[in-house]
Amino acid sequence: MAEVLVYVDHVDGAVRKPTLELLTLARRIGEPVAVHLGPGADTAAATLAEYGAVKVLAADAPEFADYLVVPKVDALQAACEAASADGSPAAVLLPSSAEGKEIAARLALRLGSGIITDAVDLEAGDEGPVATQSVFAAAFTTKSRVSKGTPVITVKPNSAAPEAAAAAGTVEQLPVSFGELATGTKVVSRKERESTGRPELTEAAIVVSGGRGVGGAENFNVVEALADSLGAAVGASRAAVDAGWYPHSSQVGQTGKTVSPQLYVAAGISGAIQHRAGMQTSKTIVAVNKDAEAPIFDLVDYGVVGDLFEVVPQLTEEVTARKG
């Protein structure tokens, strides 16, 4: 089987969940080969092997941390060229993060290949991997494939459940030559993000979001309490963010973040198309809104017509009681 290159998203060797999802999907279309850039490859190798990586191509250089995405593009290009010695890779898979999509776009341009972004599923096809996408604000589902070059595909987090499948995971060093553009944009400072103790919004299996119906920043504790009882991330609609009730980093929607959790709870959100575009691919959607005609109810799996300040606390109590 042809190799499928999987870009490893990690923090000093601690592999993040979207990479495990990519390895699971990669096994459907070929042999997963993990590309680990930066420190911690020996630490990451065991996890990558556990989830199906037959090989780990590792490269560590200060350029990966000191400069923006171009050094990583150089490395992935080198990995593609190395794989081409035995035939072109079946695909290159990356997570659909802001960085992942920029790397993918630059890599596809260099390879003269087609690109597919924000895939939600992958399957093998007679003429190459077939990607499923949710398009036009999730109103349509499409299946497409790259017809030229090595497919470069980014996949949304939570598109597949990680499945362990032990493989060799042999670590091999990847020689990388950095081009002139690699050092064009330098990282001059970093600030550690303040931890909320909750999952990362785009990777969370459960998201609880509040909207205009919450009524103010001081009332978001109702949304946060439910999220904490469920072990969920907290999101917000654009209306809530624009009003200054919650930070922009938590905005879900077309101009915010796109999420695709197993469970999405919308409290006091009317369901404008801008918001729906960011959460419509969620597996199960629950809404609480006192307006029975709210557009969000056209989308949900379960809807509750009622005052969120009565419904959500009761739900939190019930979840807490069942966990206890």
Side-chain angles (χ1 to χ4, degrees), residues 4-11 15-29 32 34-37 51 68-69 72-73 75-76 79-80 89-109 111 113-123 128-146 150-162 199-207 209 233 235 248-262 264 274-283:
V4 179
L5 301 181
V6 174
Y7 173 76
V8 178
D9 185 8
H10 70 97
V11 179
V15 181
R16 299 179 69 178
K17 180 171 169 276
T19 298
L20 307 182
E21 297 170 9
L22 292 180
L23 289 169
T24 300
L25 292 171
R27 296 200 305 271
R28 300 178 184 177
I29 58 177
V35 182
H36 186 288
L37 308 179
Y51 283 87
L68 292 185
V69 299
K72 297 173 183 178
V73 179
L76 281 172
C80 289
V92 181
L93 305 184
L94 304 94
S96 269
S97 61
E99 181 182 79
K101 286 191 275 193
E102 183 175 355
I103 293 172
R106 289 173 178 266
L107 179 64
L109 184 62
L111 299 178
S113 299
I115 181 173
I116 295 173
T117 60
D118 292 334
V120 295
D121 198 9
L122 278 179
E123 60 189 275
V130 177
T132 301
Q133 293 167 287
S134 184
V135 300
F136 296 116
F140 294 90
T141 298
T142 66
K143 289 183 179 291
S144 53
R145 66 174 179 82
V146 169
T150 299
V152 180
I153 303 172
T154 72
V155 181
K156 284 186 178 182
N158 293 314
S159 293
E200 166 63 31
L201 180 60
T202 57
E203 299 174 14
I206 305 174
V207 174
S209 289
H248 181 268
S249 59
S250 297
Q251 182 181 329
V252 174
Q254 196 167 29
T255 55
K257 293 181 178 178
T258 299
V259 299
S260 187
Q262 297 297 314
Y264 187 88
Q274 191 275 345
H275 185 77
R276 293 170 60 157
M279 46 67 71
Q280 197 161 352
T281 55
S282 303
K283 308 303 183 293

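All figures in this text were calculated on a predicted structure; none of them were measured in a lab. Heads up: numbering here begins at 1 and tracks the sequence.
- Judged by distance alone, with hydrogens and angles left aside, the side-chain atoms of E21 form a donor-acceptor pair with the main-chain N or O of N158 at under 3.5 Å.
- The minimum heavy-atom distance linking G235 with V252 is given by the pair CA-CG2, 4.2 Å.
- Annotation: the span from D9 atom CG to H36 atom NE2 amounts to 10.0 Å, rounded to 0.5 Å.
- Checked by atom type and distance alone, the side chain of T154 never pairs as donor or acceptor with a backbone atom of K101 at under 3.5 Å.
- The closest side-chain donor-acceptor pair between Y264 and S209 falls under 3.5 angstrom.
- Side-chain atoms of R145 never come within 3.5 Å of backbone atoms of P151 as a donor-acceptor pair (strictly under, hydrogens ignored).
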* Steps toward side chain to side chain contact (heavy atoms under 4.5 Å, CB included) verdict (L94, L76) -> CA-CA 11 Å; L94 304 94; L76 281 172; 3.9 Å; yes
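- Heavy atoms only, all atoms of each residue included: L22 and L93 are closest at O-CD1, 3.8 Å.
- Residue Q274 comes nearest to G256 through the heavy atom pair NE2-N, 4.4 Å, listed as atom of the first residue, atom of the second, then distance.
- K72 pairs by the side chain to side chain donor-acceptor pair (under 3.5 Å) definition with E99, not counting sequence neighbours.
- Atom CD in Q280 sits 10.5 Å away from atom NE2 in H275 (nearest 0.5 Å).
- The heavy-atom pair separating P261 from A205 by the smallest distance is CB-O, 3.2 Å.
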Working for side chain to side chain contact (heavy atoms under 4.5 Å, CB included), residues I116 and Q133
CA-CA 9 Å; I116 295 173; Q133 293 167 287; 3.5 Å; yes
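- The salt bridge (charged side-chain N to carboxylate O under 4.0 Å, His left out) with E203 is formed by just one residue from the set K156, K257, R16, K17; it is R16.
- Between L201 and S250, the closest heavy-atom pair is CD2-O, 3.7 Å.
- Under the 4.5 Å side-chain criterion, counting only non-hydrogen atoms from C-beta, L25 is in contact with D121.
- A side-chain donor from one of D118 and S96 sits under 3.5 Å from a side-chain acceptor of the other.
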S97 and E102: CA distance, side-chain angles, deciding distance, side chain to side chain contact (heavy atoms under 4.5 Å, CB included) verdict: CA-CA 9 Å; S97 61; E102 183 175 355; over 6 Å; no
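- Here the side chains of V207 and S282 are not in contact, with every heavy-atom distance at 4.5 Å or above.
- Looking only at side-chain heavy atoms (C-beta outward), Q262 and I206 stay at 4.5 Å or farther from each other.
- Considering every non-hydrogen atom in both V4 and A26, the closest pair reads CG1-CB, 3.8 Å.
- Scored by the side-chain contact (heavy atoms from CB on, under 4.5 Å) test, A108 finds I115, V152 as partners (sequence neighbours excluded).
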- Message: Could you go through E123 and R28, starting from their C-alpha distance and side-chain angles, then the distance that decides it, and tell me whether this counts as side chain to side chain contact (heavy atoms under 4.5 Å, CB included)?
- Response: CA-CA 6 Å; E123 60 189 275; R28 300 178 184 177; 5.5 Å; no
